[in-house]
Amino acid sequence: MIDLRLVREHPDVVRASQRARGADESLVDKLLAADVARREAVKRADDLRGEQKAASQAVRSATPEERPAVLDRAKALAAQVKEAEEGERAADAALRDVHLQIPNVVADEVPPGGEDDAVTIRTVGDIPAYDFPVRDHLEVGEALGAIDMERGAKVSGARFYFLTGPGALLEFALAQLAIGRAVAAGFTPVIAPALVKPEAMEGTGFLGEHDEEVYRVERDNLYLVGTSEVPLAAMHMDEVLDLSGGPRHYAGWSSCFRREAGSYGKDTRGLIRVHWFDKVEMFSFSRPEDTAAEHLQLLAWEEEFLQALELPYRVVDIAAGDLGTSAVRKFDIEAWFPSQGTYRELTSTSDCGTFQARRLNIRYRDADGKPQTAATLNGTLCAVARTIACLLEVHQQADGSVYVPVALRPWLGGIDRITAGMSLAAPIPPGPPA
RNA sequence: GGAGGCUUCGCCUAGUCCGGUCUAUGGCGCCGCACUGCUAAUGCGGUUUGGGUUAAUCCCCAUCCCGGGUUCAAAUCCCGGAGCCUCCGCCA
């Protein structure tokens, strides 16, 4: 939800934002009208309630002779209040309805245009040259016994997979590396629930535009999250946070479930687009004035992670028309996929300003001690399946083995290469002293 | 799955049986003022959150876990739900 005060005081700013997104500008005027209507309804109901309260007290102090007349008046007022409250409720609902339809106000820096108008900010790392025919990650992974897509389909259907042997170890290695780096950067690690209540899903905005993407557990009225952004954001729902020491950083681990309803025929091969994967997600709660800097910080952490994995990538600034509902600004990092000869999205970080926190009622105390709506930001640190896909492709060798980036080696028992049929190694802690 | 208990303004708590200055009691904490070499102690005053109105204050409305209902009037009575705790059953 956007700030109503902004709409009242600077409707032109919101109109411009709607224009930039290619969204409906007239919603702004509908919202203004609904706001006026609501305030009128509130005032009428408040005034009547005040009168009725007085009348009700009068019943008590009335003499027996006055009593019937006073009681009649109180009854009449009670009926009027009931009616006025119904009007208030209707006006409230009407306002909320329009309010929820308006996406966040885009930042001035956001490039204009739509899906194809993202601006590349920088490209990092050299695109590797291969003196052999490159295979895609599925070929590489199957040959190494790391990915079993066929059995995934047998057991669970299309877009499901088994990670086996070195593939399974890779997942743990990536998780350890990501969480370890996050903790070193001051994040609080969190294992978040992947099933959430409707309030959490609604509050984070995923039942709006992403409704079709969401798995629903009808019987228990719960949803499977598509990202731990949902439980992390909702974790502090209805709370007042202490942000006086700077933003709060969480690194959440959870499985992520996506129906991929609108993507038939897209990325049907391998681990690029699957119904389920695990992910380490960064999430910050910050003061609204700190979000721009915080956003760049999240982006920097994402970049450092990909650099540690020795993956070439580029950073793109997403255009207004392609922003999510709650985002003010969004950067994606696209990594190089040699089999496709192109960069593909590996991480994404959004500044949501106060949009998400307003709905979830997450606040902090400002310098005067007054509660204010907080701001939220999120960013992918490591979407495991897709990252494995990228690693297998970029680091593949002529002999079918895969080079292991230095940073990952401690988590894979020190190996520098994954080869078919190799004996597996994993880090084990030192045993008890002999 | 079954039975019972609990949920009050940051924390603790009175009030709920028997509806009406509950415009919610007291303590802790916090803020201000007074006293005081300083601190402590003491005294006085303030201290939920949201909405409406306003230049701002004043003021008004709502808020006793949430949602309905009864009533002129609900923290209090009735119905439904959530969370927490205890016991039983089942279970990684």
Side-chain angles (χ1 to χ4, degrees), chain A residues 1-10 31-100 191-203 217-223 230-231 234-245 248 254-255 285 288 354-374:
Chain A
M1 286 197 278
I2 58 171
D3 189 352
L4 269 182
R5 265 173 315 182
L6 178 72
V7 186
R8 283 178 202 153
E9 288 161 24
H10 304 286
L31 182 64
L32 283 170
D35 182 42
V36 169
R38 187 194 76 99
R39 273 141 77 192
E40 279 167 2
V42 164
K43 181 139 178 53
R44 194 168 64 244
D46 274 5
D47 289 348
L48 277 168
R49 259 194 298 264
E51 271 187 70
Q52 194 230 3
K53 230 167 120 176
S56 179
Q57 284 301 328
V59 170
R60 203 161 173 247
S61 50
T63 62
E65 305 84 71
E66 306 173 323
R67 202 181 158 81
V70 175
L71 201 59
D72 279 350
R73 181 176 145 71
K75 279 184 186 173
L77 276 168
Q80 284 180 56
V81 166
K82 202 163 187 176
E83 199 180 325
E85 280 179 341
E86 223 141 278
E88 191 180 2
R89 259 196 297 275
D92 248 334
L95 173 67
R96 191 179 159 79
D97 183 55
V98 191
H99 201 173
L100 288 176
I191 312 292
L195 278 166
V196 300
K197 295 185 190 182
E199 299 96 283
M201 217 60 178
E202 271 163 22
V217 182
E218 204 82 53
R219 179 170 167 160
D220 297 289
N221 198 23
L222 290 169
Y223 295 90
V230 174
M235 184 159 104
H236 289 302
M237 173 162 62
D238 297 319
E239 291 183 29
V240 180
L241 302 176
D242 181 5
L243 297 178
S244 58
R248 268 212 215 193
S254 87
S255 290
F285 295 94
T354 56
F355 191 85
Q356 224 171 30
R358 184 166 294 106
R359 242 202 253 192
L360 290 166
N361 189 29
I362 301 168
R363 296 171 296 168
Y364 71 102
R365 290 192 190 277
D366 63 17
D368 299 326
K370 276 196 61 87
Q372 302 287 354
T373 302

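So that the names make sense, note that chain A is the first sequence line, chain B the second, and so on, each numbered from 1.
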Using atom [atom1] of each nucleotide, how far apart are [N] and [M] to the nearest Å?
N      : M      : atom1 : result
C59(B) : G69(B) : P     : 32 Å
C65(B) : A82(B) : C1'   : 8 Å
U48(B) : C11(B) : C1'   : 13 Å
C66(B) : U7(B)  : C1'   : 11 Å
C77(B) : G19(B) : P     : 9 Å
G81(B) : G27(B) : P     : 40 Å
C33(B) : U49(B) : C1'   : 27 Å
C61(B) : G2(B)  : C1'   : 44 Å

Between Gly369(A) and Lys82(A), which is nearer to the 5' end of RNA chain B once each is assigned its nearest nucleotide?
-> Gly369(A)
Let me know, please, whether Arg363(A) or Asp47(A) comes out on the 5' side of the other along RNA chain B by nearest nucleotide.
->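 First, find each residue's nearest nucleotide; the 5'-ward one identifies Arg363(A).
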List the steps, then state whether side chain to side chain contact (heavy atoms under 4.5 Å, CB included) holds for Ile362(A) with Phe285(A).
-> CA-CA 9 Å; Ile362(A) 301 168; Phe285(A) 295 94; 3.8 Å; yes
Find the partner of [N]: check Watson-Crick (N1-N3 plus N6-O4 or O6-N4) and G-U wobble (N1-O2, O6-N3) distances, both under 3.5 Å, and reply none if neither fits.
N      : result
C33(B) : G43(B)
C64(B) : none
C72(B) : G20(B)
C91(B) : none
U86(B) : A3(B)
A55(B) : none

Do the charged groups of Arg49(A) and Glu85(A) touch, with an N to O distance under 4.0 Å?
->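 Answer for the salt bridge query: yes.
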Is any NZ, NE, NH1 or NH2 atom of the basic residue among Asp47(A) and Lys43(A) found under 4.0 Å from an Asp or Glu carboxylate oxygen of the other?
->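 The answer is yes: the pair qualifies as a salt bridge.
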Scan residues 68-78 of chain A against RNA chain B and write down, sorted by residue number, each residue with any heavy atom closer than 4.0 Å; if none is found, say none.
->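 Listed by number, they are Leu71(A), Ala74(A), Lys75(A), Ala78(A).
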Which pairs count as salt bridge (charged side-chain N to carboxylate O under 4.0 Å, His left out) when at least one residue sits in residues 62-84 of chain A, sequence neighbours excluded?
->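 Counting only pairs at least two positions apart or across chains, the salt bridge (charged side-chain N to carboxylate O under 4.0 Å, His left out) contacts touching residues 62-84 of chain A are Glu51(A)-Arg73(A).
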Classify the nucleic acid contact of [X] as base, sugar-phosphate or nothing, counting any heavy atom under 4.0 Å across all strands shown.
X         : result
Arg60(A)  : base
Gln57(A)  : nothing
Arg365(A) : sugar-phosphate

What residues, two or more places apart in sequence or in another chain, satisfy side-chain contact (heavy atoms from CB on, under 4.5 Å) together with Asp242(A)?
-> Ser244(A)
Could you pull out all residues at least two apart from Asn361(A) that satisfy side-chain contact (heavy atoms from CB on, under 4.5 Å)?
-> Asp238(A), Arg363(A)
Listed partners of His99(A) passing ring-ring contact (aromatic ring centres under 6.0 Å, His included), at least two apart | none
Those residues that, when tested against Arg8(A), pass side chain to side chain donor-acceptor pair (under 3.5 Å) (two or more places apart) =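 Partners of Arg8(A) under the side chain to side chain donor-acceptor pair (under 3.5 Å) test: Asp35(A).
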Partners of Gln52(A) by side chain to side chain donor-acceptor pair (under 3.5 Å), sequence neighbours excluded?
->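 By the side chain to side chain donor-acceptor pair (under 3.5 Å) rule, Gln52(A) matches no residue at all.
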Who pairs with Arg248(A) by salt bridge (charged side-chain N to carboxylate O under 4.0 Å, His left out), at least two apart in sequence or on another chain?
-> none
Range on RNA chain B touched by chain A - first to last nucleotide, heavy-atom distance under 4.0 Å =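 Extent of the interface on RNA chain B: G20(B) to A73(B).
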